[in-house]
Amino acid sequence: MLTYTTHRLLIIGLGLIGGSFAKALKSRKVVQHVAAYDRHPQECDLGMRLGVIDEAVEDLPSAVQQADVIVLAVPVKAMEAVLKDIQPFLRPTTLLTDVGSTKGHLVQAVRQVFQQIPSGFVPGHPIAGAEKSGVIAADADLFERHKVILTPLPESDPKATLEVARLWQSVGAEVLQMDPYRHDQVLAATSHLPHVLAFSLVDTLAHEEENRDIFRYAAGGFRDFTRIAASDPVMWHDICQANRDAILKQIDQFTSGVARLRSAIAAGDSQAMLGIFSRAKVAREHFSTLLAGSAYSANTQDIDLRIEPGSPLSGQVTIHSDRSISHRAIIIGALSEGVTDIEGFFEGEDSLMTIKAFREMGVVIEGPHQGSVRIYGVGLQGLQPPKGPLYLGKSETSLQLLTGLLVAQSFSTEVFVDEALSQQSLLSTLMSLRTMGAKIDSNEQGGPPFRISPSILKGAEIELPHASAQVKSSVLLAGLYAQGQTCLKTNRFCRDHTERMLKSFGYPLSESEEAGEVKTTINSAGTLTATKIRVPGDFSTALMMIAAATLVPQSSLTLTDIGVNPHRTKLLPLLSRMGANIQLTLHKDTGFEPVADIRVTYAQLKGQVFTAEDVACVVYELPFLMVLALFAEGQTLIHLPETLSAKESALILSTVAVLREQGAQLELNGSQLVLTPSALKGGEISDVLPPIVAFAMIVASTRAQQALRIKHSAALLAAYPALVEQLRHAGISIHKESD
Ligand code: NAD
């Protein structure tokens, strides 16, 4: 068995990259001795004077014999000649690696020179550089927080790979592994093509006399775009030869992209131009977050919310628009014929994911700009295959609904999500869609990533034991494409935003209720016609303010333009039974969703008994009822429905736990919740709560004994960017704080 040690390291080619690696290793004392050889001896002399290396090699064969590690840092075209020079003197335990910008060419050269790949050979490529050359430009920190791609071969000894990785990590680099040929394709697109374009653009402009002024008055954009045209011409000549085929493929693809843009400009085709620009903008933003090594959310900093108790809520407040309706407006608008204008679109992280997904499937979407979005619908059959896997972040709504839509498309798709959502099981959705013939591969728990293949869907009768708006919506979207009728049966009503949205785009579907069974039927015979959508205010956020205004003495608050879909407002009669003072003034022209102004004033509540039937349709809003019950006169008894979904049970348990921690007296006996009036202490909550439970704790904090700090609220604020401003506007004393 071979073991690899790294006492003596030899760099061949002491330029920018070789010199920087030598300097980084030496300054961090990673190896005992760094020697270098260069075909220009003056580079090594300079390296000695600058303290970059310990030894300037004159006798290459003997230096090769003594070296534990050899790093080839010469231009890629010179690699083969160097390999021939060193091959006779290389020991079997010597590690051989390189820093070249292309890999396939080097692997070929090693095969030719050595006949077979030595086990100590591990090709590498640091993704770091500068538009400078020579050891004079050596920088000991060049690789800090940069990536290095290693491309070990099947013949490479894993221990050798580990040792090369260790060397790079010890100079601050992040090490990745990739197949050498894949490396060349990826780099052709991400590095080689941009360099070729920058060289070509500057060269083209420089040739034209009338363009001289461009250089004189060059704006930031031109300077940024062409910075890399100052790179070493010989190096780029070599790279273009070494990675010829992959680069040519990228140039061809780019050329046809430019041709498409050219004809859009020539024809004055605004839709095509905006499509290209807005898709590119979103993709660039996505890349920036990836390049920054951060999560998709811009909110990577940990943020706490601190709420002071006691401030009454008052005045007239407009709150952010409805999340669920915003998602659906994008989806149905994209599938419709014609141009849909949306006003009041909710610009949260989740609904933006839905926009991104449709842009990736070829739909041109302008905005959002201050809540306005324009969608150029492509019709039910007009979606195009996305260029790569669809990433849906933390948006469960996008995931559920798009899965139903994607199973019906004529192309395959891969869907992946943020780590936080990947634990989620969508078994109920997957089972329903599979009954219709859908082909979806998921992880073992029924969660993403999903691999969805095309199939001919057939309408079916589907019973949902737990009424869920998301599952129902997913099946309805699949039903738009399925042969025959799709009929969904549930034992209770749940939100019907998808049904209302489909109807407002002119799509027929029927709903009925018989003996406690709710039936929704759809078939694929209809078309969707573009329309105008005004998204009303979000009822869930309104409910938080209604509950807080009910709790805090002297409150008198009016919430304007709130969506009051009857399947969302079922908690209000229960609050009224407890003595809450809530009045709805319905707008006359209600459009597809009923809209109202809601006025609420402080009231002393009284404990009540609620049956399972009372609360069957408000399980997701129960955290609010539980908090209010703790401040009522007398006990409150809530009988929970016998059949709760896993998500509903988790929500109740999470609320019980956090309220108990706050000092609440509440018992959960089987399906009975007994709540006794209690003082809540405030202080700190450090568990990350589901959004609705966090909302309920904001309500609780308005009557707590001291200020409450809800820690780790960054994800909540990414989902509801305007939350703090709107609560403050209503009078709640709430602040964002970072550690
Ligand atoms: P450089 O011109 O600064 O250094 C190359 C050195 O190799 C020169 O000193 C040259 O004299 C020497 N050399 C050339 N042929 C030789 C031979 N046959 N024997 C011995 N020495 C020889 O170039 P660089 O930017 O350091 O690039 C070196 C390698 O790093 C290239 O393979 C390049 O693809 C790769 N690379 C460069 C960058 C970058 O941004 N510059 C980034 C990543 C990888």
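Residue numbers start at 1 and run along the sequence shown. Indexing begins at 1, ligand by ligand and atom by atom, following the structure's order.
The heavy atom nearest to atom 43 (C) of ligand 1, out of those in S231, P126, G129, is found in P126. Among P75, S101, S191, the residue whose heavy atom sits closest to atom 14 (C) of ligand 1 is P75. If you check each of D232, I17, L106 against atom 38 (C) of ligand 1, the one with the closest non-hydrogen atom is I17.
A donor-acceptor pair under 3.5 Å links the side-chain atoms of D269 to the main chain of A272, judged by distance alone.
Ion pair D350/K394 not flagged as a salt bridge, since none of the NZ, NE, NH1 or NH2 atoms sits closer than 4.0 Å to an Asp/Glu carboxylate oxygen. A salt bridge does not link D232 to K132: none of the charged nitrogens lies less than 4.0 Å from a carboxylate oxygen. Between K711 and E737 there is no salt bridge, since no side-chain N of the basic residue sits under 4.0 Å from a carboxylate O of the acidic one. With respect to the salt-bridge test (charged N to carboxylate O, under 4.0 angstrom), the residues K356 and E360 qualify. R111 and E155 are joined by a salt bridge, as a carboxylate oxygen and a charged side-chain nitrogen come within less than 4.0 angstrom of each other.
Numbered from 1 in the order shown, with element, the atoms of ligand 1 that lie under 4.0 Å from a heavy atom of G100 read 32 (O). Atoms of ligand 1 found under 4.0 Å from any heavy atom of G15, numbered from 1 in the order shown, are 1 (P), 3 (O), 4 (O), 6 (C), 9 (O), 26 (O). Shown in contact with A128 at under 4.0 Å from a heavy atom are these atoms of ligand 1, numbered in order with element: 42 (C), 43 (C). Atoms of ligand 1 found under 4.0 Å from any heavy atom of V99 (numbered from 1 in listed order, with element): 29 (C), 30 (O), 35 (C), 36 (N), 44 (C). Ligand-side atoms of ligand 1 in range of H40: 11 (O), range being under 4.0 angstrom from any heavy atom. Within ligand 1, counting atoms from 1 as listed, the ones closer than 4.0 Å to a heavy atom of H125 are 43 (C), 44 (C).
At the top of the distance list for atom 6 (C) of ligand 1, counting protein heavy atoms only, stands D38 OD2, 3.7 Å. Of all protein heavy atoms, the one closest to atom 5 (C) of ligand 1 is A73 O, 3.8 Å. Remark: minimum distance from atom 21 (N) of ligand 1 to any protein heavy atom is reached at R39 N, 3.1 Å. Counting only heavy atoms of the protein, atom 7 (O) of ligand 1 lies nearest to G13 CA, 3.5 Å. Here the protein heavy atom with the shortest distance to atom 23 (O) of ligand 1 is L16 N, 4.5 Å. Ranking the protein heavy atoms by distance from atom 39 (C) of ligand 1 puts M235 CE, 3.6 Å first. Protein heavy atom in closest approach to atom 18 (N) of ligand 1: V82 CG2, 3.7 Å.
At a 3.5 angstrom cut-off on N or O pairs, E43 does not count as close to ligand 1. On a distance-only criterion, I239 and ligand 1 share no N/O pair closer than 3.5 Å. Residue V74 places at least one N or O, backbone or side chain, under 3.5 Å from an N or O of ligand 1. Note: no N/O pair closer than 3.5 Å links S133 and ligand 1 by distance alone.
Remark: R28 CZ is packed, more than 12 non-hydrogen atoms of other residues, nucleotides or ligands lying under 6.0 Å away.
Residues L9 and D68 form no side-chain contact, since every pair of their non-hydrogen atoms from C-beta on lies 4.5 Å or further apart.
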### Query
Hey, mind stepping through N243 and H192 against side chain to side chain donor-acceptor pair (under 3.5 Å) and telling me if it holds?
CA-CA 9 Å; N243 202 19; H192 306 169; 3.1 Å; yes
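Taking the six-membered ring for Trp and the full ring otherwise, H183 and H125 have centroids separated by under 6.0 Å.
Remark: F143 pairs with W168 by the ring-ring contact (aromatic ring centres under 6.0 Å, His included) rule, at least two apart or across chains. In this structure Q241 satisfies the side-chain contact (heavy atoms from CB on, under 4.5 Å) test together with K77, H237, sequence neighbours excluded.
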